[in-house]
J.: 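For reference, the structure I am asking about is given below.
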Amino acid sequence: MKNIFALVDCNSFYVSCERVFRPDLKGKPVGILSNNDGCIVALSKELKNMGVHRGIPAFKIFHLVKQKKVTLFSSNYTLYGDMSARIMNVLSQFTPELEIYSIDEAFLNLNGFKSLDINEYGKKIKYTVEKWTGVPVSVGIGQTKTLAKIANHIAKKYQKFEGVFNIIDHPNFNKVLETVAVNNVWGIGHNYAKKLNKLGVQNVLQLVNRSDTWIDKNMTIVGLRTVKELRGISCIDLNLMTSDKKQIISSKSFGKPISDIDDLKQSISTYCSRAVEKLREQNSVAQQIMIFILTNPFKDTPQYANYISGRLSVASAYTPDFINLAIKLLMSIYKENYLYKKSGVMISDISPQYDAELNLFETAYVDDNRKIIMDCVDSINHKWGRNIMTFGSEGIAGKWQMKREFLSQRFTTNWNELPIVKA
DNA sequence: TCTGGGGTCCTAGGACCC
DNA sequence: TCTGGGGTCCTAGGACCC
């Protein structure tokens with residue numbers, strides 16, 4: 001029995017979100033910047049056609065912005081996250097089994113719709129999402145997730161398919177595989193692609209024709225799983241449960257480089273606070289923390305980078321426990337007179353709050369006031385907006401904080417920033 | 001002028017145990 | 001005198017994803 005997977009992927013997602021509220025930008029070159037407006041992370045087809053690609057530093061195209069040839073936006077994750085939720089909600093009406101794979105992608109199990117014309121169903125999905133949310137999507141259909149990804153790639157690449165491509169039982173299956181380069185396969189990144197090319201494997205057909213032992217030897221069993229999927233044997237199931245994170249990272253580059261210990265303390269406290277907040281969102285506690293600070297490796301200035309781990313005596317989700325330890329760790333690696341560009345916090349050794357290992361001499365997090373306090377802080381911030389309540393050590397509007405000069409409004413999530421329709 | 005942030009899984013190698 | 005072989009756990013690092 002064959003499986004039917006569909007992969008729905010939004011076209012230039014961040015750009016499309018901005019265009020929903022700026023319809024005048026349809027068909028025009030648009031780019032979205034990373035944090036601190038550093039580099040391009042997403043771009044429209046039109047901008048791509050101007051020779052711009054993902055990852056280039058933003059300042060290189062600022063002159064085009066001044067000439068009004070290109071429009072840029074700072075990342076507006078509040079907006080993108082909310083648009084994503086709307087899209088996923090639409091998709092959930094097309095199947096009982098939906099895996100939200102990323103902010104702009106979802107896998108759908110369509111096994112139950114075999115009696116329908118599956119191509120038509122794909123078109124209907126595409127049409128409905130666009131109609132209801134304003135965001136254009138592409139739909140790829142295959143009998144494994146990896147093949148659905150390939151089909152999606154083809155749907156995007158060739159206009160004649162109008163955004164929907166089904167690779168199941170395709171009359172020219174091998175020919176199709178031959179047109180896809182190995183670096184476009186889900187699970188084959190930069191390094192393996194380079195290695196495969198060297199070994200004489202350029203396209204997907206060549207790859208699937210290699211023996212299992214050859215694949216295993218050169219790409220480990222992870223690669224073998226990918227190749228089996230390409231051959232139509234489903235090895236990667238739909239992941240319907242969102243499982244708890246095993247590590248939580250909060251880290252960012254600074255808007256401006258800093259060298260003062262107080263600024264670093266603020267940044268570490270802020271990232272700590274955010275990471276522990278995420279920890280509580282999944283009702284977990286954690287015992288291990290790692291912090292790091294580093295200078296700008298792209299600059300020709302004195303370099304310093306260091307990281308250090310520490311452990312709490314008992315697992316916790318109480319922000320001050322983590323901040324106190326993090327500051328101690330920071331003091332032990334901090335060196336004066338360097339221009340720091342980035343810091344970060346990573347929390348690990350995570351367990352469920354009600355199943356955490358106990359310590360004979362200390363009260364568990366769930367059993368004392370610390371949980372009550374944190375729950376209270378979280379509910380206030382949830383109701384009134386993030387950062388209404390913060391910890392003193394986080395500081396206020398430090399110069400290290402993120403630069404976002406081209407930010408659009410939070411059109412869909414903030415009453416004060418709703419779009420206005422002029423009659 | 002200047003280069004994102006947040007994740008997962010697997011493997012290799014060392015320490016340690018019986 | 002001899003120094004196997006198998007197992008587990010941990011960590012660092014490499015690969016990948018968006």
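Bear in mind that the values here come from a model prediction, so they are computed numbers and not experimental data. Numbered from 1 within each chain, the chains take letters A, B, ... in sequence-line order.
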J.: Provide, to the nearest angstrom, the distance between the CG atom belonging to A:N239 and the C1' atom belonging to C:dC18.
T.: 15 Å

J.: Does any pair with a residue in residues 315-332 of chain A pass salt bridge (charged side-chain N to carboxylate O under 4.0 Å, His left out), and if so which ones, sequence neighbours excluded?
T.: A:D321-A:R370

J.: Describe, in one word, how the ring planes of A:Y271 and A:F254 are oriented to each other, choosing from parallel (under 30°), tilted (30 to 60°) and perpendicular (over 60°).
T.: parallel

J.: Near DNA chain B, counting only heavy atoms under 4.0 Å, which residues of residues 296-311 of chain A show up?
T.: A:N296, A:F298, A:K299

J.: Output all residues satisfying salt bridge (charged side-chain N to carboxylate O under 4.0 Å, His left out) with A:D37, sequence neighbours left out; order by chain, then residue number.
T.: none

J.: In whole angstrom, give the distance that lies between atom CD1 of A:I61 and atom C1' of B:dT3.
T.: 13 Å

J.: Between B:dC2 atom P and A:L33 atom CG, what is the distance in whole Å?
T.: 14 Å

J.: Does this structure show an ion pair linking A:K245 with A:E281, if we count only N-O contacts that are shorter than 4.0 Å?
T.: no

J.: Examine the side chains of A:N35 and A:S75 and answer whether a donor and an acceptor come within less than 3.5 Å of each other.
T.: no

J.: With sequence neighbours left out, which residue pairs that include part of residues 45-61 of chain A fulfil the side-chain hydrogen bond (donor to acceptor under 3.5 Å, both in side chains) condition?
T.: A:R19-A:E46, A:S44-A:E46

J.: Could you tell me which residues satisfy ring pair (Phe, Tyr, Trp, His ring centres under 6.0 Å) with A:Y80, sequence neighbours excluded, listed by chain and number?
T.: A:Y14, A:Y77

J.: Check the side chains of A:T146 and A:R225 for a donor-acceptor pair under 3.5 angstrom, ignoring hydrogens and angles.
T.: no

J.: Whether the A:S408 and A:N76 side chains hold a donor-acceptor pair (N or O, under 3.5 Å, no angle test) is what I'd like checked.
T.: yes

J.: Among residues two or more places apart or on two chains, list those pairs meeting salt bridge (charged side-chain N to carboxylate O under 4.0 Å, His left out) that have a residue in residues 247-260 of chain A.
T.: none

J.: Under 3.5 Å, which donor-acceptor pairs do the side chains of residues 294-301 of chain A form with other protein atoms, sequence neighbours left out?
T.:
{"from": "A:T295", "atom 1": "OG1", "to": "A:Q303", "atom 2": "OE1", "distance (Å)": "3.1"}
{"from": "A:T295", "atom 1": "OG1", "to": "A:Y304", "atom 2": "N", "distance (Å)": "2.9"}
{"from": "A:T295", "atom 1": "OG1", "to": "A:Y304", "atom 2": "O", "distance (Å)": "3.2"}
{"from": "A:N296", "atom 1": "OD1", "to": "A:F298", "atom 2": "N", "distance (Å)": "2.9"}

J.: Nearest whole Å is fine: how far is B:dT1 P from A:E405 CD?
T.: 16 Å

J.: Apply ring pair (Phe, Tyr, Trp, His ring centres under 6.0 Å) to A:Y101 and list each qualifying residue two or more places apart in sequence or on a separate chain.
T.: A:F107, A:W186

J.: Which whole-number value in Å describes the distance from A:I32 CD1 to C:dC18 P?
T.: 19 Å

J.: If we take the C1' atom in both C:dG4 and B:dC16, what is their distance in whole Å?
T.: 16 Å

J.: With a 4.0 Å cut-off on heavy atoms, is A:K149 in touch with a base, just the backbone sugar-phosphate, or nothing at all?
T.: sugar-phosphate

J.: Expressed as a whole number of Å, how far does the C1' atom of C:dT3 sit from that of B:dC17?
T.: 16 Å

J.: How does protein reach along nucleotides 5-13 of chain B, written 5' to 3' as B (base within reach of a heavy atom under 4.0 Å), S (only sugar-phosphate), or - (no contact)?
T.: SSSBSSS--

J.: Output the rounded distance in Å from CZ (A:F13) to C1' (B:dG4).
T.: 17 Å

J.: Using whole Å, report how far CZ of A:F59 lies from P of B:dG4.
T.: 12 Å

J.: Under a cut-off of 3.5 Å for both distances of each Watson-Crick or G-U pair, what dot-bracket string does DNA chain B give, using [ ] for crossing pairs and | for inter-strand pairs?
T.: ....||||||||||||||

J.: Nearest-Å distance, CZ (A:F62) to C1' (B:dT1)?
T.: 9 Å

J.: Identify which one of A:K342, A:K403, A:Q401 satisfies the side chain to side chain contact (heavy atoms under 4.5 Å, CB included) criterion when paired with A:N36.
T.: A:K403

J.: Any base atoms under 4.0 Å from A:Y101, or only sugar-phosphate, or nothing? Heavy atoms, all strands.
T.: sugar-phosphate

J.: Can you list, in residue-number order, the parts of residues 179-217 of chain A that come under 4.0 Å of DNA chain C, counting heavy atoms only?
T.: A:V185, A:W186, A:G187, A:I188, A:G189, A:H190, A:N191, A:Y192

J.: In chain order, what residues pass the ring pair (Phe, Tyr, Trp, His ring centres under 6.0 Å) check against A:Y121, with sequence neighbours excluded?
T.: A:F94, A:F113

